[in-house]
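What's counted below: heavy atoms across the whole structure, side chains too, no hydrogens, waters or symmetry copies. Convention: sequence-line order gives letters A, B, ...; per-chain numbering from 1.
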Amino acid sequence: MPELPEVETVARQLEPELEGHRIEELEVLDARWSRPVPPAALGDAVRGATIEGLGRRGKYLMLALDGDRTLVMHLRMTGNLVLVEGDDILDPAAGRLLYQGERTTEARHLRARCVLDDGRELWFTDPRRFGEAFLIDNADLPARFAKLGVEPFSPEFTPEALGGMAAGRTAPLKSFLLDQSRIAGVGNIYADEALYRARLHPLSPAGSMKPEHRLALRDAVVDVLQMGIDAGGSSIDDYRDGRGEKGTMQEKFLVHTREGQPCPSCEGEIVRIVVGGRSTYFCPSCQVKLRRRPRRRAK
DNA sequence: CGCGCAACCTGTCTGC
DNA sequence: TGCAGACAGGTTGCGC
């Protein structure tokens, strides 16, 4: 679930909290999280490091450490990174994580905990265990992320760039938006919301967009991601921000998870289909399906 | 290279 | 109540 807005929210919340602090210990409880590096090896490598910052690239969280290294983490489907301290460690009523030395609720999904020099702890919890982390030298970062696409908030994400990426593509627009090697950070939720706002059908071939469609889609992608950040992310199920709180973007969905409900624009019924194996919600009357563009204009 | 799909995991919900 | 099956926000690898 965590897509760009969720990862950005966590990074922005936690960066000021973590910056300048030293890592006393990194305990990896699930070997899957650090593999292929053994848990103890990652812990040893990170012990004593000072945190210099926390950022994001695509859906990756980047914890900058001294010594020109970065601990890269990915939340995948159900991962959460939360800062906990003292008593706070558990109050289910307050919607927070709990941990009392015993495995209770969320705490049973604890995959790694990072103890800071002031006693606070950074927890990586993840029921489905798809999340992961690795330590990398900053010099190797460009190569490692070479295949990651353009950042949606960068000046390079123009309608023309979008058109260039889509040219000749026959894959459905929905699949196109989810391709991290083209645009980094858009996931299933925001792809649906962006296509709806751009009034584009999720099954339209990516290469079928005309200039006005590219402009609309670029703007819609940027807008929905910004809305997501402003709302502190979407909490459909597992997602919690860096403080363990829910985001509110799910309350602003216009189509996602709204099967059978009225379209906010035409009152027609929102439909759910499966595209590329992913649930896709849209309004059949507002989102027009484009035809595949002829390769050559007939004269 | 482009595209579609299975696989990776666990938890939750639905229907019989 | 029990149980099988479907489904869930992401990414990678494989086959065509």
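Between A:Gln180 and A:Gly277, the one whose closest nucleotide on DNA chain C sits nearer the 5' end is A:Gly277. Take the nearest nucleotide of DNA chain B for A:Asp237 and for A:Ala171: the residue whose nucleotide is more 5' is A:Ala171. Judged by closest nucleotide on DNA chain B, A:Arg182 is the one of A:Arg182 and A:Arg32 placed further toward the 5' end.
Between A:Leu173 atom CG and B:dG2 atom C1' there is a gap of 15 Å when expressed in whole angstrom units. The nearest whole Å value for the distance from the CD1 atom in A:Ile236 to the C1' atom in B:dG11 is 16 Å. Computed from coordinates, the A:Met77 CE to C:dG10 C1' distance equals 6 Å when rounded to whole Å. Atom CZ of A:Arg111 is separated from atom P of B:dC8 by 17 Å (rounded to the nearest Å). Distance A:Arg56 CZ to C:dG10 C1': 15 Å, rounded to the nearest Å. Separating the CZ atom of A:Arg57 from the P atom of C:dT11 is a distance of 12 Å, rounded to the nearest angstrom. In this structure, A:Leu75 atom CG and B:dC8 atom C1' are separated by 17 Å, rounded to whole Å. If you take CZ of A:Phe176 and P of B:dC3, they are 9 Å apart, rounded to a whole angstrom.
The phosphate of C:dG10 has OP1 or OP2 within less than 4.0 Å of a side-chain N or O from A:Arg278. Remark: A:His109 is not in phosphate contact with B:dC9, judged by side-chain N or O atoms under 4.0 Å from OP1 or OP2. Phosphate proximity of B:dC8 to A:Arg129: absent, as no side-chain N or O sits under 4.0 Å from OP1 or OP2. Dashed line: the shortest gap from a side-chain N or O of A:Thr170 to OP1 or OP2 of B:dC3 is under 4.0 Å.
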Donor-acceptor contacts under 3.5 Å from residues 165-178 of chain A side chains, at least two apart:
unit_1	atom_1	unit_2	atom_2	d
A:Arg169	NH1	A:Ala167	O	3.2
A:Lys174	NZ	A:Asn188	OD1	2.6
A:Lys174	NZ	A:Asp192	OD1	2.7
A:Lys174	NZ	A:Ser279	O	3.2
A:Lys174	NZ	A:Thr280	OG1	2.8

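In this model, no donor atom of one side chain and acceptor atom of the other lie less than 3.5 Å apart for A:His213 and A:Arg199.
The two residues A:Leu254 and A:Ile270 make their nearest non-hydrogen contact at O-CD1, 3.3 Å.
When the P atom is used for both B:dC9 and C:dC14, the distance is 15 Å, rounded to whole Å.
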Using nucleotides 12-16 of chain C, report all nitrogen or oxygen pairs with the protein that are shorter than 3.5 Å.
none

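Note on A:Asp66 versus A:Arg69: salt bridge recorded, some NZ/NE/NH1/NH2 to OD/OE distance being below 4.0 Å. Between A:Glu212 and A:Arg214, none of the side-chain N atoms (NZ, or NE/NH1/NH2) sits under 4.0 Å from a carboxylate O, so this pair counts as no salt bridge. Residues A:Glu17 and A:Arg12 are not paired through a salt bridge, judged by the lack of any N-O separation under 4.0 Å between the basic side chain and the carboxylate.
In this structure, A:Pro5 reaches neither bases nor backbone, as no heavy-atom distance under 4.0 Å exists between it and the strands shown. Residue contacts shown for A:Arg272 are limited to sugar-phosphate atoms, with no base heavy atom under 4.0 Å away.
The side-chain heavy atoms of A:Leu141 and A:Met62, taken from C-beta on, include a pair separated by under 4.5 Å.
Follow the hydrophobic side-chain contacts under 4.5 Å out from A:Phe282 and you never reach A:Met227; the two are in separate clusters.
With a cut-off of 3.5 Å on both pairing distances, B:dC9 has no Watson-Crick or G-U wobble partner at all.
Comparing atom distances between the A:Arg169 side chain and each of B:dC3, C:dG10, B:dG11 picks out B:dC3 as nearest.
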